[in-house]
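Comments concern the structure below.
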Amino acid sequence: MSMHRIGSIRLIAALALALAVLAPAAASAQELVLRMVTGFPENNVYVKHIDPWLQKFNSEGKGLLQINFIGGPRAVPTFEVGNAVKSGVVDMAMNTGAFYTNLMPEADALKLAEIPIAEQRRNGAFEYINRIWNEKARLYYLGRMVEFQPFHLYLTRKIDKPDLTGLKLRITPVYRDLFQALGATVVTTPPGEVYTALERGVVDGYGWPIGGIFDLNWQQLTRYRVDPGFYDAEVSFIVNLDTWKKLAPKQREFLERQMLALEAQNLRWKKFAEEEAERQAQAGIQVIRFDPAQAKAYRDKAYEVGWAAIIKASPEHGPRLRALLAARPGP
Ligand code: 173
């Protein structure tokens, strides 16, 4: 037997041994299925937006990682979604911070971001958000899939200045401090109850982003939109921290790559904002425009009371969040 031959037998034996040793590591990246819910109604635009993404995710993730999208508030009520992810009843959610302030007040701060998520990933905001989300709610903040969607006040009655005295408005924590500061009384409901509240005359209006009021037919009961808008609608993915930790590196890398691909589509929301404003006009919704000084005061007030509420509820993290997320950090 030639030396060459002996050498290759040794090589084959060494390779076989290496494969045997590596096999368990490969098995640890066995396909895992993540159970996901959302706090938004299933026919909502955000859910529609992720539909093709989910399909691509599950086809590219075969054998590695899958998402089983269970559904919306019929599966887990809107304001319980945060708890369901924290406790591990589900692995992840497509959700907004206003729906899980019961876990930590800081959740509602993401609406105040004036820099895009791409920049938040660069300037340390993303890491800081994760520090808080990990420590206070055992959540991993995966990424943000909605931005460039300002919130607005929609009304059934006309107003002519930024004074909401005598109005009863449907809110979530997003709008509470601003609408109350301007004199409104407020009632919190999940999106799924807005139509009925309007229909029964329980409320004179509601807060919602520029896009999406047609999903549940609110245009039928909406007469006015107040401009300007304020803040920026935040919809993100949150993951149970234990689930996140048990992912193999390849699974994490895949999940992050898919999230970044979804974030890369966020500029589309700018166009959607324009389209929805046009569609509202077509539906006969009139715009109430404040004069420039009042408009500026209205927006300034929104950010002032918004940050004040976060900083009051979280003196520990509020100021740092503001420094990282605001365009011009406050005093
Ligand atoms: O339900 C809401 O009005 C709300 O808080 C919200 C948050 C982000 C996007 C859309 C709605």
Side-chain angles (χ1 to χ4, degrees), residues 37-50 72-73 76-82 93-114 116-117 129 141 143-155 164 167-180 184 186-198 202-219 221-222 225-226 229-238 262-263 266 268-270 272-273 276-277 280 302 305-306 309-310 325:
V37 295
T38 180
F40 291 97
E42 280 160 36
N43 57 349
N44 152 283
V45 59
Y46 312 137
V47 179
K48 287 184 205 142
H49 182 71
I50 63 160
V76 181
T78 299
F79 295 109
E80 287 304 319
V81 166
M94 185 252 272
N95 211 19
T96 188
F99 297 165
Y100 57 97
T101 53
N102 51 348
L103 298 188
M104 52 175 175
E106 294 88 349
D108 197 30
L110 304 183
K111 72 185 180 191
L112 298 168
E114 293 172 273
I117 184 67
I129 291 165
Y141 182 77
R144 178 163 174 161
M145 57 159 281
V146 176
E147 46 186 345
F148 315 119
Q149 289 280 297
F151 292 100
H152 286 263
L153 169 60
Y154 297 88
L155 291 171
L164 308 178
L167 294 175
K168 189 163 180 191
L169 302 173
R170 173 272 171 182
I171 59 150
T172 66
V174 165
Y175 325 90
R176 181 180 294 129
D177 303 288
L178 177 62
F179 292 175
Q180 283 183 333
V186 295
V187 44
T188 301
T189 86
E193 287 169 29
V194 173
Y195 189 92
T196 312
L198 287 166
V202 173
V203 295
D204 307 300
Y206 57 94
W208 193 260
I210 186 68
I213 71 158
F214 295 88
D215 298 339
L216 295 173
N217 285 318
W218 302 339
Q219 84 284 359
L221 302 168
T222 304
R225 183 186 76 240
V226 174
F230 52 91
Y231 309 150
D232 188 22
E234 167 265 327
V235 182
S236 301
F237 284 85
I238 48 174
L262 188 60
E263 275 183 13
N266 283 357
R268 290 191 195 171
W269 296 111
K270 284 191 178 178
F272 183 62
E276 288 282 283
Q280 289 176 20
V305 298
I310 294 294
L325 294 173

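Note that the numbering runs from 1 along the sequence shown for the chain. Both counts, for ligands and for their atoms, begin at 1 and track the order of listing. Note that these values count all heavy atoms, side chains included, but never hydrogens, waters or copies made by symmetry.
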- Task: Could you walk me through whether Val45 and Trp269 pass the side chain to side chain contact (heavy atoms under 4.5 Å, CB included) test, one step at a time?
- Result: CA-CA 11 Å; Val45 59; Trp269 296 111; 4.1 Å; yes

- Query: Say you draw a straight line from CD1 of Ile50 to CE of Met94; how long is it, rounded to the nearest 0.5 Å?
  - Reply: 4.0 Å

- Message: Need the ligand 1 atom indices (1-based, order shown) with element for anything under 4.0 Å from a heavy-atom of Val174.
- Response: 5 (O)

- Item | Distance filter under 4.0 Å to Phe151 heavy atoms, resulting ligand 1 atoms | 6 (C), 7 (C), 8 (C)

- When distances are taken from atom 8 (C) of ligand 1, the protein heavy atom at minimum range is Thr96 OG1, 3.6 Å

- Message: Does Thr196 form a side chain to side chain contact (heavy atoms under 4.5 Å, CB included) with Val202? I'd like the steps, not just the answer.
- Response: CA-CA 8 Å; Thr196 312; Val202 173; over 6 Å; no

- Should the pair Asp108-Arg176 be classified as a salt bridge under the 4.0 Å nitrogen-to-oxygen rule? no

- Looking only at protein heavy atoms, what sits closest to atom 11 (C) of ligand 1 is Trp208 CZ3, 3.5 Å

- List the atom of Gly39, the atom of Pro73, and the distance in Å for their closest heavy-atom pair. O-CG, 3.6 Å

- Heavy atoms of Val305 and Tyr231 approach each other most closely as CG2-OH, 4.4 Å

- Task: Can you sort out which atoms of ligand 1 are near Gly207, meaning under 4.0 Å from one of its heavy atoms?
- Result: 3 (O)

- Item | Phe99: numbered ligand 1 atoms lying under 4.0 Å from its heavy atoms | 1 (O), 5 (O)

- Message: Does either side chain, that of Thr189 or that of Tyr206, offer a donor lying less than 3.5 Å from an acceptor on the other one?
- Response: no

- Message: Is there a polar contact, in the sense of an N or O pair closer than 3.5 Å, between Arg170 and ligand 1?
- Response: yes

- For Pro209, counting its heavy atoms only, list the atoms of ligand 1 lying under 4.0 Å from any of them. 9 (C), 10 (C), 11 (C)

- Message: Within ligand 1, which atoms have a heavy atom of Ala98 less than 4.0 Å away?
- Response: 5 (O)

- Is there a nitrogen or oxygen of Tyr175 sitting under 3.5 Å from a nitrogen or oxygen of ligand 1? yes

- Note on the structure: For Thr172, the ligand 1 atoms with a heavy-atom partner under 4.0 Å come out as 1 (O), 2 (C), 3 (O), 4 (C), 5 (O)

- Would you say Glu234 and ligand 1 have an N/O pair spaced under 3.5 Å apart? no

- Task: For atom 9 (C) of ligand 1, grab the closest protein heavy atom and report residue, atom and distance to one decimal in Å.
- Result: Tyr46 OH, 3.5 Å

- Note on the structure: Ile238 and Tyr100 have their tightest heavy-atom pair at CG2-OH, 3.4 Å

- Query: Taking all atoms of both residues into account, what is the closest heavy-atom pair of Trp208 and Ile213, and its distance?
  - Reply: CD1-CG2, 3.8 Å

